[in-house]
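One structure below.
Just so you know, these numbers use all the heavy atoms, side chains as well, and skip hydrogens, waters and symmetry mates. Naming convention: chains lettered A, B, ... in sequence-line order (proteins, then strands); numbering from 1 in each chain.
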Amino acid sequence: MRAIRAALLAWYEANARDLPWRRTRDPYAIWVSEIMLQQTRVETVKPYYARFLARFPSVEALARAPLDDVLASWSGLGYYRRARLLHQGALHVAEAHGGDVPRDLDAIRAIPGVGAYTTGAIASQAFDLEAPLVDGNVARVLSRLFRVEQDPKRGAGHARVWALAGELVRGEAPGALNNALMELGATLCAPREPRCDACPVRARCQARLAGVERTLPIVAEKKARPVVSEFAAVLRLGGRGAGAGGVLLGKRVADGLFGGMWEPPRLAAPDRTAFVGELAAMLGVEITLPKRRARAVEHVLTHRELKVTVYEGALGAAPERVAAAYRDRYVEVALVPMGDIEQRGVSTLARKILGG
DNA sequence: AACTCGGGGTT
DNA sequence: AACCCAGAGTT
């Protein structure tokens, strides 16, 4: 274990990528980066990270901000619940800890949106606590290094990789050690084609010694992704009334898919006629859709594939609210000038629907 | 333990 | 097309 630690730390020292969140010890900044990096690639996160910290530079600033502003800053990043939980987390830290991220493991873990991985990341990187962490990269590295032949995402395999991470992190520079494990998984110990020739611990890798490095880690089979068909409408108000020129957006309920985000109204319906009826009922005004000129928008998510038929249409009048029967989906509607859409929390799917 | 939740790059 | 990524919360 000591030799592996030393090899990993020396390799990391010489090969670490220069990432924005590695240039700070501010626990808030590290926290923000870790939430953004959940299931999201480094290159995707970089611009969001810089913009987010510029707009919300402290726990207090984030806690004071309206959730809608936070969602707007998250627009396009995905997994929007993360933004909601991060905001809740800021409120929690502001109230329970006076705005300072706590240095206690249990207190960190109690922050909304902070799970086992993020606890270890904040504790080790911001406070140099000997707290382990296991993400997808670390799970793969440890599965190979110690030849764990069970799915590291659950059951005994999960317990095993966390125990190994706990043993490895004990010692000096826990933050660097954790980063070294992640860096190794991100750069050399790749899922398909690991570059073992350049690996600092290849001589001690149990999987490589047994010739099974490409078959580990064991992963569960994935379920097929169902295809869901929906309709959406990009609606504008005719004439010169209030809101003329704007496009109608609905704000989705907090829970579920795209929670709290704005989008052109999107409904499942058997056909175009039914969709127009649903839409008119939801908005309480007359809707005019052309028979043709529908566009097809496809959007792939983790657990489903959306195929959306998009119509450009007109409103008979400006709707004031969502009908009660539809408030399990939308909580508010607004006519938004195209130029103001960037200030709303808008999903990438909504951008595609608006895109034309 | 299973399920939900985005988006995008790589192979 | 398949794969997978600095995961967490709910049921």
Side-chain angles (χ1 to χ4, degrees), chain A residues 16-17 19-22 30-49 71 74-86 88-89 108-125 131-141 151-159 161-162 165 175 178-187 189-194 214 217 219-228 252-261 263 298-306 345-352:
Chain A
R17 289 170 294 174
L19 302 178
W21 40 91
R22 287 179 177 168
I30 291 170
W31 173 18
V32 169
S33 76
E34 293 300 341
I35 301 301
M36 288 186 172
L37 287 161
Q38 288 170 8
Q39 304 300 132
T40 308
R41 296 182 132 73
V42 164
E43 292 307 317
T44 303
V45 167
K46 280 181 180 175
Y48 282 90
Y49 174 77
L71 288 173
W74 214 267
S75 174
L77 195 51
Y79 286 111
Y80 298 100
R81 186 175 53 171
R82 294 182 296 175
R84 176 180 309 276
L85 289 169
L86 179 57
Q88 286 178 18
I108 295 172
R109 179 66 178 79
I111 299 170
V114 177
Y117 162 80
T118 308
T119 297
I122 294 172
S124 66
Q125 292 169 28
L133 108 204
V134 177
D135 68 349
N137 283 321
V138 176
R140 184 171 59 254
V141 169
D151 184 348
K153 286 191 187 306
R154 51 187 179 185
H158 181 265
V161 293
W162 273 95
N178 281 337
N179 272 330
L181 286 171
M182 291 192 284
E183 191 79 351
L184 187 60
T187 60
C189 199
R192 308 273 192 91
E193 293 294 329
R214 282 176 170 71
V219 294
E221 291 182 29
K222 302 197 172 156
K223 289 174 49 178
R225 170 159 46 215
V227 177
V228 178
R252 298 181 61 84
V253 295
D255 295 332
L257 196 56
F258 304 118
M261 304 300 282
E263 64 181 18
E298 297 186 1
H299 195 63
V300 180
L301 306 172
T302 306
H303 289 289
R304 64 193 83 174
E305 181 173 341
L306 303 178
V346 176
S347 68
T348 300
L349 170 59
R351 288 180 197 282
K352 285 187 190 175

Which residues in residues 109-117 of chain A have at least one heavy atom lying under 4.0 Å from any atom of DNA chain C? A:R109, A:P112, A:G113, A:V114, A:G115, A:A116, A:Y117

Taking the C1' atom of each, how far is B:dC5 from C:dC4, in whole Å? 16 Å

Under 4.0 angstrom, heavy atoms only, what part of the nucleic acid is A:S33 near: base, sugar-phosphate, or nothing? nothing

Closest approach of A:H303 to A:R225 (non-hydrogen atoms, all atoms of both residues): C-CG, 3.8 Å

First and last nucleotide of DNA chain C, 5' to 3', lying under 4.0 Å from heavy atoms of chain A: C:dC3 to C:dG9

In whole angstroms, how far is the C1' atom of B:dT4 from the CZ atom of A:R252? 14 Å

Using the P atom on both, measure B:dC3 against C:dA6 and round to a whole Å. 25 Å

With sequence neighbours excluded, tell me which residues meet salt bridge (charged side-chain N to carboxylate O under 4.0 Å, His left out) with A:R252. A:E263

Counterpart residues, salt bridge (charged side-chain N to carboxylate O under 4.0 Å, His left out), relative to A:K46 (two or more places apart): A:E43

Residues which pass salt bridge (charged side-chain N to carboxylate O under 4.0 Å, His left out) with A:R214, listed by chain and number, not counting sequence neighbours: A:E193

Write down the distance between CZ (A:R154) and C1' (B:dA2), rounded to a whole number of angstrom. 9 Å

When all nucleic acid strands are considered with a 4.0 Å heavy-atom cut-off, which category describes A:L85: base, sugar-phosphate, or nothing? sugar-phosphate

Applying salt bridge (charged side-chain N to carboxylate O under 4.0 Å, His left out), can you list everything that pairs with A:R154, at least two apart in sequence or on another chain? A:D151

Produce a footprint string for nucleotides 5-11 of chain B: one letter per nucleotide, 5' end first; B if the base is under 4.0 Å from any protein heavy atom, S if only the sugar-phosphate is, - if neither. BBBB--S

Could you tell me which non-hydrogen atom of A:R140 sits nearest to which non-hydrogen atom of A:A186, and how far apart they are? NH2-N, 4.5 Å

Could you tell me whether A:R140 contacts a base, only the sugar-phosphate backbone, or nothing, with contacts defined as non-hydrogen atoms closer than 4.0 Å? sugar-phosphate

For A:T119, side-chain hydrogen bond (donor to acceptor under 3.5 Å, both in side chains) partners two or more places apart: none

Give one of base, sugar-phosphate or nothing for A:L19, where a contact means two heavy atoms less than 4.0 Å apart. base

Residues passing the side chain to side chain contact (heavy atoms under 4.5 Å, CB included) test with A:V228, sequence neighbours excluded, are A:E230, A:R304, A:L306

Just distance, no hydrogens or angles: give the donor-acceptor pairs under 3.5 Å from side chains in residues 109-117 of chain A, sequence neighbours left out.
unit_1	atom_1	unit_2	atom_2	d
A:R109	NH1	A:V114	O	3.1
A:Y117	OH	A:E34	OE1	2.6

Does A:S75 have any side-chain hydrogen bond (donor to acceptor under 3.5 Å, both in side chains) partners at least two apart in sequence or in another chain, and if so, which? A:R351

What distance, rounded to whole Å, do you find between the two P atoms, one in B:dG8 and one in C:dA8? 22 Å

Those residues at least two apart in sequence (or on a different chain) that pass ring-ring contact (aromatic ring centres under 6.0 Å, His included) with A:Y49 are A:W21

